[in-house]
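Only a predicted model underlies this, so the values are computations on that prediction, with no experimental measurement involved. Both ligands and their constituent atoms are indexed starting at 1 by order of listing.
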Amino acid sequence: MTAGKKPWGGRFQKPTAKNVEKFTASIHFDKRLYSYDIEGSIAHVTMLAGQGIITAKEAKEITAALKSILQDMEQGKIAFNPADEDIHMAIERQLISRIGESGGKLHTGRSRNDQVVLDVRLFLRREIDNVLAALQALQSQLVKLAKREITTIMPGYTHMQKAQPVLLSHYLLAFWEMFDRDAERMRDCRRRFNVLPLGAAALAGTSLPIDRSQTAKYLNFPQIGQNSMDTVADRDFVAEFIFASSLIMMHLSRFCEDLILWSSDEFGFAEISDAYTTGSSIMPQKKNPDVAELIRGKAARVYGDLFAILTLLKGLPMTYNRDLQEDKEPLFDAVDTVKACLEIFTEMIPQTKFNSGRMRLAAAGGFSAATDVAEYLVKKGLPFRNSHEIVGKIVAHCLKNNKSLDQLSTKDYQKFSPVFSDDIREEIKLEKVVNSRKHIGGTATSAVLKRISEIEKKLGRK
Ligand code: ARG
């Protein structure tokens, strides 16, 4: 290849316009795939030699040169330039400049169309493992916190109105469950795309006697793409990954939203550590929950990435189109954002102080035991609808007389139903209200402790 000439330049008379080179280049972002590109190429030449398509000597020479290119790239010794177009061509140019003509044999029976999806799959396989490790780290922090806060009672909300008291541990483990589904989605996504694309070539396969099962073995793919057209056209896995990431971001964002509210003077439920908050340049008293706010904000970025990939794919004719080069920036952005947010949130959450006194006080207010009064009547034989009506009247009476449920005497209760007896006073105590919900999935201390031990057993087995 002469300098400045493209590997695909045979049929061209004029050089590419400079601004077209710049416009079409992806090297400035796909260079981060270099190690995967080289890994794939080494597997490919090994297979080519095994099949007698190139000689063992050629394969050895190419492999050695690829390894030295890898080393140089790792040490930042190679300057990329837009004339290289993308990482695949940059590496091929390096190879040919190092070993001459025989370097040109690497691309036998392969196209950049199958090569690029190979690189992205190898990249994403590694990154999903990183995301899974980050999720697991967060989940184990949540379990630790749930154990630490096992006696803290907080108000549970629906419609942002005080509803029923719950354990803070129960709240924390609600997020454990969400992140567990997220991990499952990531594992599922990984399993589905863990399929070898090489061999699809441009779109129709190759007439050369390749052995795809060998390549799959070298690269540790349990499956081989079964349709060469699908293989080069498919980016489902990119969309799936970004969707799964969007849900992680949504969960983090909801968690952050609560922490932000709870850090306000109005709530006073939580205090995020100084290390994860920032001050105001004008108001000296301020301590702002910027990390939590930014995580909430970054959820929007990842949703943007999701819409970019979905929109990119919807109108594409079969099979590969250059539009698909636009898949990588949203993918990289989603990977980087979700990892950064998981990591910083996992550091921030165990250093957050929860104000159990404020939470308890809030939990006791707002007639949060009203349902328990109604269920008390149910236990005494009344139909739920009637008891609901009775308790509604009791609440109205309290509101009118500025009283709470525990300020009413047994006699007061009996004015609304003769079924009430002294035990109603015990029934509405916060601990009783919480601990009576002891079925699977309930907020009782016994149920939460049981879930914690199940989770710990599950973790031990993983
Ligand atoms: N840089 C391209 C991409 O990211 C690689 C494949 C290009 N293939 C082609 N025939 N132009 O999609």
A.B. asks: Which atoms form the tightest heavy-atom contact between Thr319 and Leu324, and what is the distance?
C.D. replies: O-CD1, 4.4 Å
A.B. asks: Measure across Phe175 and Arg254 and return the closest heavy-atom pair with its distance rounded to 0.1 Å.
C.D. replies: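 Closest pair (atom of Phe175, atom of Arg254, distance): CZ-C, 4.3 Å.
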A.B. asks: Show the atoms of ligand 1 that are less than 4.0 angstrom away from any heavy atom in Gln325.
C.D. replies: 1 (N), 2 (C), 3 (C), 4 (O), 12 (O)
A.B. asks: Write down the atom of Met186, the atom of Leu132, and the distance for their closest heavy-atom approach.
C.D. replies: CB-CD2, 3.9 Å
A.B. asks: Arg235 to ligand 1: N or O pair under 3.5 Å?
C.D. replies: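 Between Arg235 and ligand 1, no N or O pair is found under 3.5 Å apart.
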A.B. asks: Taking side chain to side chain contact (heavy atoms under 4.5 Å, CB included) as the test, write out the residues that go with Pro82, two or more places apart.
C.D. replies: Ala25
A.B. asks: Closer than 4.0 Å to some heavy atom of Asp86 - which atoms of ligand 1 meet that?
C.D. replies: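 Result: 1 (N), 2 (C), 5 (C).
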A.B. asks: Would you mind checking which non-hydrogen protein atom is closest to atom 10 (N) of ligand 1, with the distance to 0.1 Å?
C.D. replies: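 Closest protein heavy atom to atom 10 (N) of ligand 1: Asn113 OD1, 3.3 Å.
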A.B. asks: In the protein, what heavy atom is nearest to atom 11 (N) of ligand 1, and what distance, to one decimal place, separates them?
C.D. replies: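 Nearest neighbour among protein heavy atoms for atom 11 (N) of ligand 1, to 0.1 Å: Arg112 NH2, 3.6 Å.
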A.B. asks: Does Lys328 reach ligand 1, in the sense of a heavy atom lying below 4.0 Å from it?
C.D. replies: yes
A.B. asks: Can you pull out the closest protein heavy atom to atom 7 (C) of ligand 1? Residue, atom name and distance to 0.1 Å, please.
C.D. replies: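 I find the closest protein heavy atom is Tyr320 OH, 3.4 Å.
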A.B. asks: Would you call the rings of Phe179 and Phe255 parallel, tilted or perpendicular, taking 30° and 60° as the class edges?
C.D. replies: parallel
A.B. asks: Taking only heavy atoms of Ser26, which atoms of ligand 1 are found under 4.0 Å from at least one of them?
C.D. replies: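 Result: 1 (N).
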A.B. asks: Has Thr152 got a side-chain atom pairing as donor or acceptor with Leu168's backbone, closer than 3.5 angstrom?
C.D. replies: no
